[in-house]
Chemist: 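Pasting in a structure now, in structure tokens, and then I'll have a few things to ask.
These values consider heavy atoms only, across backbone and side chains, with no hydrogens, waters or symmetry-generated copies.
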Amino acid sequence: MDPTPPAPIQSKARGQAVLVVLAAVAVGAVGWRAYSPRIFSSPTVKRDGVAVAYRIDLNAAGENELAQVPNVGPKTAAAIVKHRQENGPFRSVEELTRVKGIGAKTLEKVGPFFAVSAGAALKTEPDELKRKPAEPHHPATGRGKLKPGDPPVDVNAASLEELQRIPRIGPVMAAKIVAARAEKPFASVDDLRRVNGIGAKTLDAIRPYVTVKVPPEE
């Protein structure tokens, strides 16, 4: 017979066996936590007035979780996420009918499985509270475009900022006017036609807002 191994060796072997068992348990626990939601997270609903076991938050669930709901599937789940990304969070479950492929009948089937977080409505600004586009601002002058009845601008003396108050005249055209008058002062309003970009229609549009004062000859 083989001699019995010494006690320290047996103890060491038992310790190693225990470590192996503990490691296996730990790995199993991690695997369980990773996959158990996929196995058991499919929600169930009891009809006839009995509440569902739990509901999925439309604004937090990903495609995989949404696809587990009966009558939804991967295609519709992707459509829900896309709609959420493009239009913001859902403010109610009923808004699901805005998603392509979900009509009233489908909503009746899938609605009990979903919920919307209470703060979702606060994240989406109501249409009537949305900020209106800001009015054009002219920081150099603090004033806007000229209106009928306002004193006309002398194109031979006006600054770049003043020229931009003329309707249809922006920074580029104002600079062209200044460059043209530097070569030769304008003799009349019609003389503005020599500015590249000012045609007959533009001239007729700006005529009520401009004037030409010919500087005295030296």
Chemist: What residues form a side chain to side chain contact (heavy atoms under 4.5 Å, CB included) with A79, not counting sequence neighbours?
Modeler: V99
Chemist: Looking at A180 and V195, what are the two nearest heavy atoms and their distance?
Modeler: CB-CG2, 3.8 Å
Chemist: Enumerate donor-acceptor pairs with a distance under 3.5 Å from any side-chain N or O in residues 149-156 to protein atoms, sequence neighbours excluded.
Modeler:
| from | atom 1 | to | atom 2 | distance (Å) |
| --- | --- | --- | --- | --- |
| D150 | OD2 | K147 | N | 2.7 |
| D154 | OD1 | N156 | N | 3.0 |
| D154 | OD1 | K213 | N | 3.2 |
| N156 | OD1 | F186 | N | 2.9 |
| N156 | ND2 | F186 | O | 2.9 |
| N156 | ND2 | K213 | O | 3.3 |

Chemist: By the ring pair (Phe, Tyr, Trp, His ring centres under 6.0 Å) test, which pairs, at least two apart or in different chains, include something from residues 58-86?
Modeler: H83-F90
Chemist: Considering non-hydrogen atoms only, spot the tightest contact between R165 and G144 and give its length.
Modeler: NE-O, 2.9 Å
Chemist: Donor-acceptor check, side chain of K145 to backbone of I166, threshold 3.5 angstrom: yes or no?
Modeler: yes
Chemist: Closer than 4.0 angstrom, basic N to acidic O: yes or no for R91 and E95?
Modeler: yes
Chemist: Show the nearest heavy-atom pair for residues P171 and Q164, with the distance to one decimal.
Modeler: CG-OE1, 3.5 Å
Chemist: Test side chain to side chain contact (heavy atoms under 4.5 Å, CB included) on V93 and L107 and set out the steps.
Modeler: CA-CA 8 Å; V93 175; L107 176 64; 4.1 Å; yes
Chemist: Just to verify, what does D191 make a side-chain hydrogen bond (donor to acceptor under 3.5 Å, both in side chains) with, not counting sequence neighbours?
Modeler: R194
Chemist: Sequence neighbours left out, what pairs pass side-chain hydrogen bond (donor to acceptor under 3.5 Å, both in side chains) with at least one residue falling in residues 96-107?
Modeler: none
Chemist: Listing request: all salt bridge (charged side-chain N to carboxylate O under 4.0 Å, His left out) pairs with a residue in residues 75-90, at least two apart in sequence or in separate chains.
Modeler: none
Chemist: I'd like to check V110 versus P70 (side-chain heavy atoms, cut-off strictly below 4.5 Å). Are they in contact?
Modeler: no
Chemist: Using every non-hydrogen atom in the two residues, find where L66 and A77 come nearest and quote the distance to one decimal.
Modeler: CB-CB, 3.7 Å
Chemist: Please list all pairs passing the side-chain hydrogen bond (donor to acceptor under 3.5 Å, both in side chains) test where one or both residues lie in residues 166-189, with sequence neighbours left out.
Modeler: none
Chemist: Pair up each side-chain donor or acceptor in residues 197-209 with any protein partner under 3.5 Å, not counting sequence neighbours, and list the distances.
Modeler:
| from | atom 1 | to | atom 2 | distance (Å) |
| --- | --- | --- | --- | --- |
| R207 | NH1 | D190 | OD1 | 3.1 |
| R207 | NH2 | D190 | OD1 | 2.9 |

Chemist: Mind listing the closest non-hydrogen atom pair of I169 and L163 along with its distance?
Modeler: CG2-O, 3.4 Å
Chemist: In sequence, state the C-alpha distance, the side-chain angles, and the governing distance for F114 and L96, and then conclude on side chain to side chain contact (heavy atoms under 4.5 Å, CB included).
Modeler: CA-CA 10 Å; F114 295 116; L96 275 173; 3.7 Å; yes
